[in-house]
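Report on the structure given below.
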Amino acid sequence: MCTSLEDSQMLKNFLVRGQQNTWTAKRPKKSQQKLLKNRKITVIILVKEIALRFGTEKSFESLAQIGGVKRLASVLMTNLENGLRGDETDLMRRTNIFGANKYNKPPAKSFLSFVLDAFKDMIIIILIACAVLSLAFGIKQHGLKEGWYDGGSIIIAIFLVVIVSAVSNYKQGRQFRKLSKESSNIRVEVVRDGRRQPISIFDIVVGDVVYLKIGDQVPADGLFVDGHSLRVDESSMTGESDHIEVDSENPFLLSGTKVIDGYGRMMVASVGMNTAWGEMMSSVSRDLDEETPLQARLNKLTSFIGKVGVSVAVLVLLVLMIRYFTGHTQDDAGNREFTSGKTKSGDVMDAVVRIVAAAVTIVVVAIPEGLPLAVTLTLAYSMKRMMGDNAMVRKLSACETMGSATTICTDKTGTLTLNEMRVTELCMGKEHVSVDASKEIATSIVEVLLQGIGLNTTGTVHMRPSEPVPEILGSPTEKAILSWGVSKLGMTMDELKQEWELVQVEAFNSEKKRSGVAVRRRGEQVVHIHWKGAAEMILAMCSDYYSQSGTVNVMTDEARSDFGTVIENMADKSLRCIAFAYKKFDGSLAQFNGKLEEDGLTLLGIVGIKDPCRPGVRRAVVSSRSAGVNIKMITGDNMHTARAIALECGIFNPEEDLGHEAIVEGVQFRNYSPEQRAAAIEKIRVMARSSPFDKLLMVQCLKQKGHVVAVTGDGTNDAPALKEADIGLSMGIQGTEVAKESSDIVILDDNFASVVTVLRWGRCVYNNIQKFIQFQLTVNVAALVINFVAAVSSGDVPLTAVQLLWVNLIMDTLGALALATEQPTNDLMLKPPVGRTKPLISRVMWRNLVSQALYQVIILLTLQFKGSSIFGVDKKVRDTIIFNCFVLCQVFNEFNARKLEEKNIFKGIHKNKMFLGIIGMTIILQVVMVEFLKRFANTERLDWGQWGACIGLAALSWPIGWLVKCIPVSGKKLFFSRREEAS
């Protein structure tokens, strides 16, 4: 790893000068002097010192002092053409010396922090206060042995609720961090041992040569090696919005910045925590507590219901206090509880604590605290399962919003198609030529065409010694053209690059839809210009064309029309049409002003590239349309290619859609007036020859019309549309890092079928949350009414604080987990979208909720007032029957909550093992509570007949639910939705 003595001495001198330089060494001065005195110091350690400083300040002068980029590459043992050797020993040594390309993250929130957060809940604090008072008075009255039960039971129940809540939140936090790490694992292309290859950003080491193109994130601090028109956006680092041009005059590239134009190569000089980006990111962590819109709506709902519950609790508190202090309450022996001047103060305090505890239990059961937890559990479960379905969620709210999507604007290439392109047709001189018949074409044309293929490209061809087929890297279109050039035209990429030198490059982007290069043969001064791009655009730049025999012909109007027909015929076969044009610059290299001429070109030929539709796309499109979701295809291809693909995918139906209204070009849509756009937007199925601005315009127009819009995108210029859309979907394979960062969900396989899967999951999330809302509000309404009526009428509540905490545990965590793990069904895709303004609680839910709550109230109040005489039992057994019946009603009602509208509530239940497991566990724990935890739960053992009665009464909720679903429901709005919308 050591280089020459000259390098070592030069670096030592540089480090000494660096102390007075604008660069400041990160190592303390004493430590640095000690190192410099050490005669055995290696060059690598010195290079590390340079790398540690590198990128923190931009100083071309300081770089020049060590001999520039090439000299630093020499010191780093980097071959700028072939990269690092790439063997494990070398890579490991570089990692050990210079560090890994990872940054230190803030420590994760500990489990104890989640426990403390759970204890901060106001209801828990009030219950703890009541439990402590109850414990104190109980011990005072009955002694430690007998007096701790009431207060101790509440404390144990509180502890269980807190631990379960903390464990749930802790697990979700771990899962979100895991997903965050996954989203940070960017793939970058480096050259190692002469071979261009993709690797993880975490595997980059100092000395690596990295390829950069439009949309890439700069993976580490480094130096520009070569490239053309390379411009970066440094706003993430400097806050400046101006784009910086990077070249040999300004070679510094900062980690975390984005490439917005051109392409190039860089040599990595500093990684991980030694970069400015690493230092910044080490103090930033992804917000795992982000509140989604649905959680915000639920918090408003919870707050409203909580206020009602508190109002009722205060009313109950006043009524009970008045009853007690006016002597209208009796003890177990039938004696008057309070007599002014005679009742002991200890007894009064005990009674007051009991009354306050009764009021608090009403607050406990009234506030549906489980709603936000249900959303968290549902989103966490869905995110985990969606990863298995090739969708990585970057923003929590996207899960729920996707369920409301009414329109999906999708790209064509790679999303609707396989992205496996190959050249299938070739036209030269207005005649079709077999793509295999290179011998039929004049040698002079083939030579010029090969220059246009091999030099005007961002792709690479790597010949592997052990294999006959070369490795070709680049965009799908570039790979198809290069593969054709190598296999059919006999192109040798290395020979072309050795013979020709690039003078100027105009990189391809989605606005221009073409790319160009100016080249010259080494040793010559003549400049040759090559253009490649969308066929009709290149055709418009040509004044001549080559015939198959090699002669040059004037591009007459008739010839231009014939070429136009050729392009249309190719496009009608779903082919992407790419044209090649050429011009020899009139003048010497010295006269060339750096701008590529765009007229007077000679057309070389037109190729048709086939990209087959993905299997299953048509089925996915039909599924989406049957779900009431409009699919609009937005593509850069011409109208004929776009129409053919749309027909093949089922997006465009000539029998239903008027062609001139359903298919428009981007420029046509752009030039509409706002009124014309609003009128046309619903009819448009395909937008061809579109720019990223056209896509953004369509998204804005759809949102103005009230649509919930999902958009797919893969390019840097798609970022505005991805951000503007309600749900931005970027592509995991072909998508640039800029597109991914601007999106909410990354489609890992670039497949439209996966987009539809995300739609299903979005609807499933929304549906599962609605199920839980119905389930929990049923419990809340029933328990609130029962305790209120009982407290006001008899001065006592049948359900104690411990029992209601157990019910809360069933509802909040176990119930949420059971209903949150329901998987998507095909039935979800037969319903219309939920829409952006639809209320959370539909009339269907109110119908189900009120019927079940009313049944439970009637049964339990009957047991409250007549239970003792019906069963011939005392008050304590009666209260146990009420508690047992109430819990079992929730167990049976949990089955009803599985299906909001379907009568068959058992459909697909065998697929949800979690649901069945939780139901089984709830029943077992309830048996334990009633039969074995008498003191803790304040219950008495029940006989078989009493258990049978409880089960029978609870099971009646099934036939009641079936009958209620026969009642038709129309309309969706209710007072909650109006209150939410107003707020």
So, [X] side chain and [Y] main chain: donor-acceptor pair closer than 3.5 Å or not?
X      : Y      : answer
Thr457 : Gly459 : yes
Asn82  : Asn79  : no
Asp714 : Met731 : no
Lys740 : Val746 : no
Asn456 : Ser515 : yes
Ser229 : Gly262 : no
Asp611 : Asn419 : yes
Ser74  : Lys70  : no
Arg94  : Ala100 : no

Would you say that [X] contacts [Y] through its side chain, given a criterion of any heavy-atom pair below 4.5 Å between the two side chains?
X      : Y      : value
Asp208 : Arg192 : yes
Val505 : Tyr263 : yes
Ile214 : Asp261 : yes
Leu84  : Leu91  : yes
Leu496 : Asp494 : no
Thr413 : Arg576 : yes

Please determine whether a side-chain nitrogen of the Lys or Arg among [X] and [Y] lies less than 4.0 Å from a carboxylate oxygen of the Asp or Glu.
X      : Y      : value
Asp389 : Arg385 : no
Arg93  : Asp90  : no
Asp718 : Lys695 : yes
Arg195 : Asp193 : no
Glu478 : Lys532 : yes

Side chains of Asp221 and Ser270, donor plus acceptor under 3.5 Å: no
Establish, from distance only, whether the side-chain atoms of Ser110 and Ser113 form a donor-acceptor pair under 3.5 Å. yes
Between side-chain atoms of residues 197-204 and protein atoms elsewhere (two or more places apart, or another chain), which donor-acceptor pairs fall under 3.5 Å?
unit_1 : atom_1 : unit_2 : atom_2 : d
Ser200 : OG     : Asn185 : OD1    : 2.5
Ser200 : OG     : Phe202 : N      : 3.1

What pairs with Trp500 under ring-ring contact (aromatic ring centres under 6.0 Å, His included), at least two apart in sequence or on another chain? His528
Could you work out, with side-chain hydrogen bond (donor to acceptor under 3.5 Å, both in side chains) as the rule, every residue matching [X], not counting sequence neighbours?
X      : answer
Arg231 : none
Gln217 : none
Arg614 : none

Give, for atom [atom1] of [X] and atom [atom2] of [Y], the distance between the pair rounded to the nearest 0.5 Å.
X      : Y      : atom1 : atom2 : result
Leu254 : Ile244 : CG    : CD1   : 10.0 Å
Leu230 : Glu245 : CG    : CD    : 8.5 Å
Ile481 : Met421 : CD1   : CE    : 9.5 Å
Leu416 : Asp750 : CG    : CG    : 11.5 Å
Met383 : Arg394 : CE    : CZ    : 11.0 Å
Ile745 : Thr401 : CD1   : OG1   : 8.5 Å

Taking only residues two or more places apart in sequence or in another chain, which ones pass salt bridge (Lys or Arg N to Asp or Glu O under 4.0 Å) with Arg422? none
Give a yes or no on this: more than 12 heavy atoms of other residues, nucleotides or ligands lie within 6.0 Å of atom NZ of Lys723. no
